[in-house]
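Everything below concerns the one structure shown next.
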Amino acid sequence: MRIEQDIKLDYQDVLFKPKRSTLTSRKDVDLTRQFKFYNSGKEWTGVPIMASNMDGVGTFSMAKIFQEHKMITVLRKHYSLDDWKVAIGDGVKMKYLAVCTGTGVIWDKDAPDYNTMKAVLQKYPDIPFICVDVANGYHENYGDFIEKLRYEYQDKTIIAGNVITGEMTEELILRGADVVKCGIGPGSVCTTRLMTGVGVPQLSGVIECADAANGVGGHIIADGGCVHPGDVAKAFGAGAHFVMLGGMLAGHDEAEGEVVDGKVQFYGMSSNAAMERHGSRKDGYRGAEGKVVELPHKGPVQSTITEILGGVRSAATYIGAKRMKDMSKCTTFVRVNNVVNHVFTRFE
Ligand code: 5GP
């Protein structure tokens, strides 16, 4: 047994140190980034914020609003090809979409999510991103799967995860991923840290994974744990190329969910609620690692998007970053002592 003694930090453990800046207004900050991806060789320009592939978040209604801001939506994997046909006909464009799959096809060649992904990509070859979403990206057969997928879809930008350490970020990129999804346990409806005791505080994890990805020419997504616009800014400050959001976007009109007494249900994708809704492998060994919460109905997501983008812009002006690209090199974090707050927000 070994203990790493250096302190690992979450978003709430730091603040940006303000710096002298020549920016006169937050509207002068350029939030777009241009990336060339390591394996696909494809270029992409946009605002690097993603809606997570969760029920109530990765919806076509969300995609319609997100594309207006040049932001990406990773569609929940339970949409059928017919759902896609309706949505594309209804004005959802492809440039800012990712189609999602799990890895069930490793065990079952009839895995519906994988077959739907194939059919969607056949029908809509302009979709740039494939997201392969599993809770634990450390399995050897996960890397094998990414390698095969890379071979099959050479021109697609592959998003793979989740991991939260540098060596696995490198491995996934070297095996064919372009963008690694980083975060084990920070999610608002995730119970992995409680159920398994596994995880790494998100800010430190993102710093480590971004560093590893930069070393091999890849990119990362800071996935999970953002509760306030300032957390999104901190993730970019930590070096994330993209930030993925679940809970901050949930509970809006675009969730495509039912509103009961002014409340919207939101659940983790490995919660019992999700397993019941979508069915899943029940092998007798699987425990739920997600929970259900009730959120107040928040109305149209546009106002939340405005707050998030406004917060990030403002953070950039405080640290003197003219472009999103400059945020991490302009960042100095100061540690703050809010241990009590930390305990309450984590285990509420
Ligand atoms: P949030 O922005 O809500 O803090 O985090 C969203 C992320 O939480 C998702 O993108 C996904 O990676 C993760 N997530 C979603 N559902 C679950 C779940 O049931 N269990 C776990 N461990 N993580 C989840």
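First listed ligand is number 1; within each ligand, the first listed atom is number 1.
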By number and element, which atoms of ligand 1 are closer than 4.0 Å to a non-hydrogen atom of Ser188? 1 (P), 3 (O), 4 (O), 5 (O)

Using a 4.0 Å cutoff against the non-hydrogen atoms of Gly268, which atoms of ligand 1 qualify? 16 (N), 17 (C), 18 (C), 19 (O)

Using a 4.0 Å cutoff against the non-hydrogen atoms of Ser270, which atoms of ligand 1 qualify? 18 (C), 19 (O), 20 (N)

Under 4.0 Å from a heavy atom of Ser271: give me the atoms of ligand 1 that qualify, with their elements. 19 (O)

Under 4.0 Å from a heavy atom of Met244: give me the atoms of ligand 1 that qualify, with their elements. 10 (O)

Considering all protein heavy atoms, does one lie under 4.0 Å from atom 7 (C) of ligand 1? yes

May I ask you to check whether Phe16 and Phe333 place their ring centers less than 6.0 Å from one another? yes

Can you figure out which of Lys181, Lys291, Met269, Glu289 has its heavy atom closest to atom 17 (C) of ligand 1? Met269

Suppose I only count heavy atoms of Asn162 and a 4.0 Å limit; which atoms of ligand 1 are within that range? 12 (O)

Any atoms of ligand 1 less than 4.0 Å from a non-hydrogen atom of Ser52? List them with their elements. 9 (C), 10 (O)

Please work out, at 4.0 Å between heavy atoms, whether the side chain, the backbone, both, or neither of Asp133 comes within that distance of ligand 1. neither

Selected option - heavy-atom contact closest to atom 24 (C) of ligand 1, from Gly247, Gly199, Cys190, Ala51: Cys190

Pair Tyr79 and Phe60, ring centroids less than 6.0 Å apart: yes

Ligand-side contact atoms (ligand 1) for residue partner Leu245, heavy atom cut-off under 4.0 Å: 2 (O)

